[in-house]
Amino acid sequence: MKKTLLSVFLLSSLLSAKLFAQVNYLNESPVDFKNRMEWFTDAEYGMFIHFGLYSQLGGIYEGKTVKGYAEWIQSSADISREEYAQLIDTWNPKEFDAKKIARLAKKAGMKYLVITTKHHEGFCLWDSEYTDFDIASSPMKGRDIVQELSDACKTQGIKFGTYYSIIDWHHPSQHRNDAGKDGWGRWGQVAMIPEKKQEYVAYMKNQIRELVEKYDTEILWFDGDWVNWWDMETGEDLYQYIRELKPSIIINNRVAKRDQFKRDFGTPEQEHPGDALEHYWEACYTMNDSWGFKQEDHNWKSADKVYEKLLEINERGGNLLLNVGPDGNGEVPPASVKILKEVGKKLK
């Protein structure tokens, strides 16, 4: 009798597992989709944090200010993988204060936060089992700033999200595109070694699983989908994989090809539509002219301008994800703090 019951239980478990595995999250019902997105649409306003090895350079290389976004300095200054990787030895943002940042976001009226756990440079802000190019190989060894920030966000009632770049200038599957005529062509369109693509996708999935399981991320925010070796099929497969890990998670449309894929939300950058859209969306903006910390960039938007953008975006059904770029010490620039606090006062 016991064996029969055990057999029935095992068969039931296998059938349940099979049914679960067959859930196609790309065909989610409108009702389930709406329910999953409810907190996101209610949030309206979030903080973006661009932070990595590039933060210590502040947009300056070999004594000269490099044009363009600070986090793209490896591309803009055409720095080799080997030379750039040496920045890990001097990266020591010991003043990074997750509690202070989460309190700032709360005071600013923000309801969620997304941090660049791995930008295009390939450096990981957490101790990953799958690479040594991470915080554990830097002078910050022993700190887990992703955990610190996840915990601080929970304390403040703020949803925690993680940004993950599709392209990776450090991973051995990719290399500088020698056919490129400029920084974008050489590094923006970084070349993939064809026979290593599956190896890299497996690497991505393993790291994303770490972010979901270790840090309970509520949003996965992808970037780099423009590269020619990333396609819809691979992106949709990754989307399905992530939803299987955590069905409630929200993923931006850059997981696939942003011009074709609109789930879970669209991501206009440094601009926003003049009218409401038929899909969920979030506009991301910088407060000056760079995402990563740039020492010589003082072109700050006024608090009035930021507030105006927030109202426009919200009225048209979108969210605003407003960026801060901590410096090489891990501190948010005073100008950013001032703007955020002033906008927070206007929201009360």
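These numbers were taken from a predicted model, which means no experiment stands behind them.
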Quickly, which of Q207, Q147, E210 forms a side-chain hydrogen bond (donor to acceptor under 3.5 Å, both in side chains) with W126? Name it, please.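 Output: one option passes, namely E210.
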Strictly distance-based, threshold 3.5 Å: is any side-chain N or O of [X] a donor or acceptor partner for the main-chain N or O of [Y]?
X	Y	value
R103	Q156	no
D134	D127	no
S138	M140	yes
S150	Y215	yes
N329	E331	no
K106	I101	no
W229	V190	yes
S128	C124	no
R316	G274	yes
S80	E83	yes

Establish, yes or no, whether the cationic atom of R263 lies under 6.0 Å from the six-membered ring centre of F33 and within 45° of the ring axis.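 Judged by the rule (NZ or CZ under 6.0 Å from the ring centre, within 45° of its axis), R263 counts as positioned above F33.
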For [X] and [Y], does a side-chain donor sit closer than 3.5 Å to a side-chain acceptor?
X	Y	value
H298	N288	no
Y84	H170	no
Q74	Y54	no
Y163	H119	yes
Y203	E199	no
E282	Y112	yes
N253	W281	no

Salt-bridged, [X] to [Y], with N to O below 4.0 Å?
X	Y	result
D32	K34	no
D223	R258	yes
K111	E44	no
R243	E28	yes
D289	K67	no
K99	D151	no
E213	K246	no
E269	R254	yes
D231	K197	yes

Could you tell me the separation between the [atom1] atom of [X] and the [atom2] atom of [Y], rounded to the nearest 0.5 Å?
X	Y	atom1	atom2	answer
I73	E121	CD1	CD	11.0 Å
D97	I145	CG	CD1	11.5 Å
M204	Y130	CE	OH	14.5 Å
I166	L238	CD1	CG	7.5 Å

Minimum side-chain heavy-atom gap [X]-[Y] below 4.5 Å:
X	Y	answer
L125	I135	no
W184	W72	yes
Y280	I250	no
Y285	V306	no
I49	P326	yes
W226	K257	no

Does a sphere of radius 6.0 Å around CD in E195 hold more than 12 heavy atoms from other residues, nucleotides or ligands, not counting ones at 6.0 Å or beyond?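 Atom CD in E195 is crowded, with more than 12 foreign heavy atoms closer than 6.0 Å.
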Give a yes or no on whether K100 atom NZ has more than 12 heavy-atom contacts from other residues, nucleotides or ligands under 6.0 Å away.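 Counting neighbours around NZ of K100, 12 or fewer heavy atoms of other residues, nucleotides or ligands fall under 6.0 Å, so no.
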What heavy-atom pair brings R81 and Q174 nearest, and what distance separates the two atoms?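 Looking at all heavy atoms of both residues, the shortest contact is NH2-O, 2.6 Å.
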How far apart are the C-alpha atoms of Q240 and E244, what are their side-chain angles, what is the distance that settles it, and do they pass the side-chain hydrogen bond (donor to acceptor under 3.5 Å, both in side chains) test? CA-CA 6 Å; Q240 176 73 14; E244 287 173 0; 3.0 Å; yes
Pair K338, E342 - check salt bridge (charged side-chain N to carboxylate O under 4.0 Å, His left out), show working. CA-CA 6 Å; K338 184 173 184 290; E342 288 180 9; 2.7 Å; yes
Qualifying residue for ring-ring contact (aromatic ring centres under 6.0 Å, His included) with F123, from F133, F51, W169: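 The residue from F133, F51, W169 that satisfies ring-ring contact (aromatic ring centres under 6.0 Å, His included) with F123 turns out to be F133.
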